[in-house]
Amino acid sequence: MIQENFNLRPYNTFGIEVFAKRFSAFASVAELKDLLDQRNNDPLLFLGGGSNILFTENFDGLVLRNELKGIEQIDENDSHVIIKSGAGEVWHDFVLFCVENNFGGVENLSLIPGSVGASPMQNIGAYGVEIKNVFVSLEALHIESGKIHSFDNLACEFGYRESVFKRKLKNQYVITSVTFKLTKQHTINSSYGAIETELEQMGITSPTIKNISDAVIAIRSSKLPNPAEIGNAGSFFKNPVVEVGVLKKIQEKHENIPNYPAPNGKVKLAAGWLIDQAGWKGKTFDTFGVHKLQALVLVNYSTAEGLDIYDLSTKIIADIKQKFGVELEREVNVH
Ligand code: EPU
C-alpha cells in the first residue's frame, strides 16, 4: 500500500528526517511490478537497508523499499554450495546463516550494515574480502521493460566499491536476488592485521569461520558506531587510489602513511588516516561530526540535517586536497 508524505527517518541509518511524497515496501516481484504501474511518472528511489545514503532534502517522488526475503540452497557438490538470497534480506543475517551452516566465504564481511541486494551494487568489502570473491550472479528487474535479467560476475563489472549498477546501468534495475558460491572446505582469510591481533587476544591459533566472524564483529563493534545508537552510513569516503608520485610526495613529510598496492601500478591510501592527520577526527559540531574512533565515518548524534553533514564532507574534501593534494570521493549516495 502506498503511503503519502512518509517520514524516511527510520529507513536511513544516518537517521535524517526527510519526507517522501509517496512510499511503499514490496515483498514480492509481483508487488514491485504493481507498484511500478502506479508510478505516474514520479521519480523513483529504491531503498534497501538505507545504510549508504545521505538525504539532504525531501524526495518528491515514489520511494520503494526492497523487502524480498528468502534464503535457499540451490546446488551443492563436495566442495561448494550455491545459495540464493532475496535482495531484501539483511546482509548480516545472511552472513550469520552462512556461518551457522558452516558455509565459508562471507565471514570477513560480518556486521556490514545494509541488505543483500545492496552488496553487489557497491561490491562491499572488508578485512581482505570483497563480495565479488563469492558472487555467482544476480537477478534484477529492468524497470523500463518489467523483465527480469540475469547478470554474472563479469557482467557486474566489479571494482573497488563499484559495479555496473553504480555506473552505466544506474537507476535502470532493481536487484531482486543474489546467488553466491560458498565453501564447505574453507580458506581462512586472517591476513588482515586487526584480525590476527584479535584472534591472538581470543587465544585462537587455528580459526574456524565462526572465529573469524566473531573477530570481525569484535573489531567493527570496537571502532565503528552502531547505527542503532549513532546515525551513520559507515565509511563516508572511499579510500583514494593515486599515482605512486602522490604517495612519494606525502612520504617526504609523513614517512609512516599507510598505503596498499592497487591495480595498474597505483596505490590506495587510507582516507581515514588522511582525515585523522588533518585533525578532523572527533570534531563535533552540535548535532553532528566526525566519529572519534574512525575518521572515515561521519555521524549524526541526534537531529542533524543532511545538508549539515554534506557541508562538513565538502570542507573535509577541500582540506585534504589542500594539505595532501589528494581528492577524496564520497562513498555514500547523496540525495
Ligand atoms: N586510520 C587512522 N585514523 C582513522 C582511521 C584509520 O589513522 O581515524 C588508519 C588505520 O590505522 C589504518 C588505515 O588508516 O592504518 C586503514 O584503516 P582501517 O583498517 O580501519 O580501514 P579503512 O581503510 O579506514 C576500510 C573500509 C571499511 C572496512 C575496513 C576494514 C573503505 C572506504 N572502508 O576502512 O569499510 O570495514 O577497511 O577492511 O574501503 C565501509 O565501507 O562502510 C566500511 C566500513
Side-chain angles (χ1 to χ4, degrees), residues 12-14 48-54 91-92 95 106-115 118-133 158-163 166 189-198 212-213 215-227 230-242 247 250-251 254-262 267-284 289-299 313 316-317 319-320 323-324 326-333:
N12 71 98
T13 60
F14 249 124
S51 60
N52 201 39
I53 192 164
L54 176 66
W91 172 260
H92 184 59
V95 172
V106 287
E107 57 281 0
N108 294 51
L109 305 176
S110 295
L111 215 60
I112 294 186
S115 63
S119 65
M121 196 86 156
Q122 57 155 349
N123 183 25
I124 58 170
Y127 306 106
V129 175
E130 285 180 331
I131 195 83
K132 72 168 187 200
N133 306 139
F158 290 126
Y160 166 61
R161 295 295 193 277
E162 282 295 348
S163 78
K166 279 181 84 175
N189 187 337
S190 61
S191 56
Y192 203 92
I195 295 191
E196 274 176 358
T197 314
E198 189 63 37
I212 298 286
S213 173
V216 169
I217 290 172
I219 299 164
R220 290 187 75 97
S221 313
S222 74
K223 8 181 238 204
L224 294 169
N226 177 354
I230 302 175
N232 78 90
S235 298
F236 195 92
F237 303 98
K238 289 193 202 180
N239 284 332
V241 175
V242 299
L247 170 66
I250 301 174
Q251 277 171 332
H254 306 272
E255 229 179 299
N256 59 349
I257 176 175
N259 63 90
Y260 318 93
V267 283
K268 196 194 276 182
L269 306 180
W273 184 90
L274 295 168
I275 299 167
D276 188 352
Q277 289 293 312
W280 289 95
K281 186 149 136 183
K283 275 246 159 81
T284 302
V290 180
H291 188 55
K292 59 180 188 306
L293 301 175
Q294 163 56 290
L296 199 47
V297 179
L298 303 187
V299 289
S313 70
I316 292 173
I317 291 172
D319 192 43
I320 299 304
K323 291 197 168 111
F324 298 101
V326 174
E327 189 100 39
L328 291 186
E329 218 183 294
R330 293 177 184 86
E331 193 210 288
V332 165
N333 298 309

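Only this structure's heavy atoms are used, side chains among them; waters, hydrogens and symmetry mates stay out. Start at 1 and go down the list; that is how both ligands and their atoms are numbered. FYI, the numbering just counts along the sequence from 1.
With hydrogens left out, the protein atom closest to atom 8 (O) of ligand 1 is A295 N, 2.8 Å, a heavy atom. Among all protein heavy atoms, the one lying closest to atom 7 (O) of ligand 1 is W273 CD1, 3.3 Å. The protein non-hydrogen atom at the shortest distance from atom 16 (C) of ligand 1 is Y260 OH, 3.4 Å. If you check which protein heavy atom lies closest to atom 34 (O) of ligand 1, you get L296 CD2, 4.0 Å. If you check which protein heavy atom lies closest to atom 5 (C) of ligand 1, you get Q294 OE1, 2.9 Å. Ranking the protein heavy atoms by distance from atom 35 (O) of ligand 1 puts R161 NH2, 3.0 Å first. Of the protein's heavy atoms, Y192 OH, 4.0 Å lies nearest to atom 37 (O) of ligand 1. Considering only non-hydrogen protein atoms, atom 36 (O) of ligand 1 sits nearest to R220 NH1, 3.1 Å.
Under the 3.5 Å distance criterion, the side-chain polar atoms of D276 are left unmatched by any main-chain donor or acceptor of K281. The backbone N or O of N239 lies less than 3.5 Å from a partner atom in the side chain of Y160, making a donor-acceptor pair. N108 places a side-chain N or O within 3.5 Å of a backbone atom of N189 that can act as its donor or acceptor partner. Not one N or O on the side chain of R161 forms a donor-acceptor pair closer than 3.5 Å with the backbone of F237. At distances below 3.5 Å, at least one donor-acceptor pair connects side-chain atoms of T13 with backbone N or O atoms of N232.
Contact between S110 and V216 at its shortest, heavy atoms only, is O-CG1, 3.7 Å.
N226 is not listed as a side-chain neighbour of S221, based on a closest heavy-atom distance of 4.5 Å or more.
If you number the atoms of ligand 1 from 1 as listed, the ones under 4.0 Å from a heavy atom of K281 come out as 3 (N), 4 (C), 8 (O). Close contacts of ligand 1 with F237, meaning ligand atoms under 4.0 Å from a residue heavy atom, involve 32 (C). Taking a cut-off of under 4.0 Å to the non-hydrogen atoms of G234, the atoms of ligand 1 that pass are 42 (O). For ligand 1, the atoms closer than 4.0 angstrom to any heavy atom of A270 are 13 (C), 14 (O), 16 (C). Applying the 4.0 Å criterion to heavy atoms of P258 picks out, from ligand 1, the atoms 15 (O).
Considering backbone and side-chain atoms together, Y127 places an N or O closer than 3.5 Å to an N or O of ligand 1.
Within a 4.0 Å radius of atom 1 (N) of ligand 1, the protein contributes one or more non-hydrogen atoms. Protein heavy atoms are found inside the 4.0 Å sphere centred on atom 32 (C) of ligand 1.
Note: K166 NZ to Q122 CD = 5.0 Å, rounded to the nearest 0.5 Å. S313 OG to L54 CG: the interatomic distance, rounded to the nearest 0.5 Å, is 7.5 Å.
Of all the heavy atoms of Y160, the ones lying under 4.0 Å from any atom of ligand 1 belong exclusively to the side chain. By the criterion of a heavy-atom distance under 4.0 Å, neither the backbone nor the side chain of Q277 is placed next to ligand 1. At a 4.0 Å heavy-atom cut-off, ligand 1 does not touch F236 at all. Residue contacts with ligand 1 for A126 involve both N, CA, C or O and side-chain atoms from C-beta outward (heavy atoms, distance under 4.0 Å). With a 4.0 Å heavy-atom cut-off, ligand 1 is reached by the backbone of S235 and by its side chain too.
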inquiry  = Run W91 and I124 through side-chain contact (heavy atoms from CB on, under 4.5 Å) and show every step you take.
reply    = CA-CA 10 Å; W91 172 260; I124 58 170; 3.7 Å; yes
task = Would you sort out whether I250 and V326 count as a side-chain contact (heavy atoms from CB on, under 4.5 Å), showing the intermediate values?
result = CA-CA 10 Å; I250 301 174; V326 174; 3.9 Å; yes
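If you check each of N239, L293, N256 against atom 23 (O) of ligand 1, the one with the closest non-hydrogen atom is N239. Residue nearest to atom 3 (N) of ligand 1, selected from V297, I257, D276: D276 (by heavy-atom distance). For the residues K268, E331, K223, H291, the heavy atom positioned nearest atom 20 (O) of ligand 1 is part of K223.
Using a 30° and 60° split on the angle between ring planes, F236 and F14 fall in the perpendicular class, above 60°. A perpendicular orientation is assigned to the rings of W273 and H254, their planes being inclined by more than 60° (bins at 30° and 60°).
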For residues 290-299, run the donor-acceptor check on the side chains, cut-off 3.5 Å, and write out each pair with its distance to 0.1 Å, sequence neighbours left out.
unit_1: H291; atom_1: NE2; unit_2: K223; atom_2: O; d: 3.3
unit_1: Q294; atom_1: OE1; unit_2: L296; atom_2: N; d: 3.1

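For the pair E198 and R220, the salt-bridge criterion is not met [side-chain N within less than 4.0 Å of a carboxylate O].
Residue contacts with ligand 1 do not include W280, since none of its heavy atoms lies under 4.0 Å from the ligand.
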